[in-house]
**Student:** 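The following block contains the structure, expressed as structure tokens.
Chain identifiers are assigned alphabetically (A, B, ...) following the order of the sequence lines, protein sequences preceding nucleic acid strands; residue numbering begins at 1 within each chain.
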There are 2 protein chains.
Amino acid sequence: MSPNAGADAGKRVPLSRERLLRGAIAVADAADIGALTMRSLAQELGVKPMSLYHHVANKEEILDGIIDIVFSEIEPPPAAADWRSAMRHRAISARSVLRRHPWAPPLMESRANPGPATLRYHDSVIGTLRRAGFSIAMAAHAFSLFDSYVYGFALQEAGLPFDSATAPDVAGAILAQFPSREYPYLAELTAEHVLQPGYDYGDEFEFGLDLILDGLDRLLTMTDAARFDGSRIG
Amino acid sequence: MSPNAGADAGKRVPLSRERLLRGAIAVADAADIGALTMRSLAQELGVKPMSLYHHVANKEEILDGIIDIVFSEIEPPPAAADWRSAMRHRAISARSVLRRHPWAPPLMESRANPGPATLRYHDSVIGTLRRAGFSIAMAAHAFSLFDSYVYGFALQEAGLPFDSATAPDVAGAILAQFPSREYPYLAELTAEHVLQPGYDYGDEFEFGLDLILDGLDRLLTMTDAARFDGSRIG
DNA sequence: ACCTGAACACCGTTCAAGT
DNA sequence: ACCTGAACACCGTTCAAGT
């Protein structure tokens, strides 16, 4: 139920590409990406399916469009931030955006036509690394690692069959389902960690993020030291 | 074109759950997961769509089944391996499996009904960490980080609009498409790294993997040192 | 037991028409 | 210009029938 659903009584807001894409995100957020069909979207917007084709060429263009909106929602870090806190800020923002749009991660990396917000996001990540002193090759490494982790974590979080509130119930049911003799470590981890009060899978995010940032920082420092030695020799 | 496609001349191999799931993987590998329909799968197997329902309840069960087969293809490490090389072995095997099945990563974490090979894989990863001395909480951290990276990397690799052979052409076209003034760091990275001869995005995998393993090793060593100190005090 | 034809309620998309 | 009804070639799935 969006504000515009079936609003044939009031004055009809004219359809636009912007309104169409916002509606598509609303449908995907409310159910999942499988529920986003030309017909369901048209209904959400109070319009007939064929009207959509006046604003987009096809469904692929809708997917391209909503993914670019998702990227646009990731907050850029404060300009004054050092590279480490800038990367940390971006990662945490990206994850919170992807939590709002759990259908997005599988689509984000498979769009052949990246939009401006997508390109801007990637450019700014690489820019942060380059300006911090990472070589091109090292920036490429760091970029790949950083993105893989952020999307991979979001993918896992989206796939969990529970949110943090209902975790104990569902994990308990799953645990009861499989024989703990056959999967002893999984059983142990579930019983003594996942089922403990206060457990939230989301809390794992910052552990991995900081381990990665520490590793990159170490490499950067080593590179700086090597360059310094080099300049003394040359 | 599989060996069994349209083989109405020879003796018909009877349909089985096993043959059905193998056929489903073949269809998904050959095109992509979107091309896997009950009808296309039936045709691949030389059978009518409705026959499939004698071996599986519905399409969801097919997806559950093929994902469990994908997990079963990940090689377990040699029993004698230390934790670091065991984890490394598994990650590299997982990535090569996911390269054969690029449609798999988005599905792997979203199956509500994990099969035995899935549970066995996860149990063995956690087991490796626990036996190496990781605490339960630390094993949970490491497990999350490791899986996020492996799936995230596979997701990115699957999304690339090129394989390593045609990378220069496509990346060049994309680069030409967007104004390098607006995305200077992206343009630089593309021109001076991605377009260089011998570039292969897959090479980034081991950089991130080793950084993660180094970080985990450091944490494990610190924990051991702390425990050792503790035992001397107590 | 295993397989199937016909049918149902869905898809995305095209085309020719309406205002 | 913007919207739409009817139609086409697809989906997954059910049901009642065939061997």
**Student:** I need the NZ-P distance between Lys48(B) and dA6(C), as an integer number of Å.
**Tutor:**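 Whole-Å distance recorded here is 11 Å.
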
**Student:** Counting primed atoms plus P, OP1 and OP2 as sugar-phosphate and everything else as base, spell out the protein contacts along nucleotides 9-19 of chain D at 4.0 Å heavy-atom distance: B, S or - for each nucleotide, 5' to 3'.
**Tutor:** --BBBB-----

**Student:** For Glu61(B), is there any backbone N or O sitting under 3.5 Å from a side-chain donor or acceptor partner on Asn58(B)?
**Tutor:**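 Pair found, side chain donor or acceptor close to backbone of Glu61(B).
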
**Student:** CG of Leu52(A) versus P of dG5(D): gap in Å, rounded?
**Tutor:**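 Taking atom P of dG5(D) as the reference, CG of Leu52(A) is at 13 Å.
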
**Student:** Applying side-chain hydrogen bond (donor to acceptor under 3.5 Å, both in side chains), can you list everything that pairs with Glu204(A), at least two apart in sequence or on another chain?
**Tutor:**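 His141(B).
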
**Student:** For Arg95(B), give me all partners under side chain to side chain contact (heavy atoms under 4.5 Å, CB included), at least two apart in sequence or on another chain.
**Tutor:**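 By the side chain to side chain contact (heavy atoms under 4.5 Å, CB included) rule, Arg95(B) matches Arg99(B), Phe153(B), Glu157(B), Phe205(B).
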
**Student:** Run the side-chain hydrogen bond (donor to acceptor under 3.5 Å, both in side chains) test against Asp203(B) and tell me which residues pass, sequence neighbours left out.
**Tutor:**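 Here no residue qualifies.
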
**Student:** Looking only at atom types and distance, does a side-chain atom of Gln196(A) sit under 3.5 Å from a main-chain N or O of Ala191(A), one as donor and one as acceptor?
**Tutor:**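 Checking the backbone N and O of Ala191(A) against the side chain of Gln196(A), a donor-acceptor pair under 3.5 Å is found.
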
**Student:** From CD of Gln43(A) over to P of dT4(D), roughly how many Å is that when rounded to an integer?
**Tutor:**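 Gln43(A) atom CD is separated from dT4(D) atom P by 13 Å.
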
**Student:** Does the side chain of Ser51(A) get closer than 4.0 angstrom to OP1 or OP2 of dT4(D) through an N or O atom?
**Tutor:**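 Result: yes.
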
**Student:** Kindly indicate whether the side chain of Glu206(A), heavy atoms from C-beta on, has any atom under 4.5 Å from the side chain of Ile92(A).
**Tutor:**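 In contact.
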
**Student:** Would one find a side-chain N or O of His55(B) under 4.0 angstrom from OP1 or OP2 of dC2(C)?
**Tutor:**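 For dC2(C), OP1/OP2 do not have a side-chain N/O of His55(B) under 4.0 Å.
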
**Student:** List in chain and number order the residues that pass side chain to side chain contact (heavy atoms under 4.5 Å, CB included) with Pro77(A), two or more places apart in sequence or in another chain; answer none if no residue qualifies.
**Tutor:**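 Expected list: Ala86(A), His89(A), Arg90(A).
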
**Student:** Please work out the stems of DNA chain C from pairs that are Watson-Crick or G-U wobble with both distances under 3.5 Å, keeping only runs of three or more consecutive pairs.
**Tutor:**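 So far as stems of 3 or more pairs are concerned, DNA chain C shows C:4-8 with D:12-16, C:12-16 with D:4-8.
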
**Student:** Do Tyr183(A) and His122(B) have ring centroids that are under 6.0 Å from one another?
**Tutor:**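 Centroid distance His122(B)-Tyr183(A): not below 6.0 Å, so no.
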
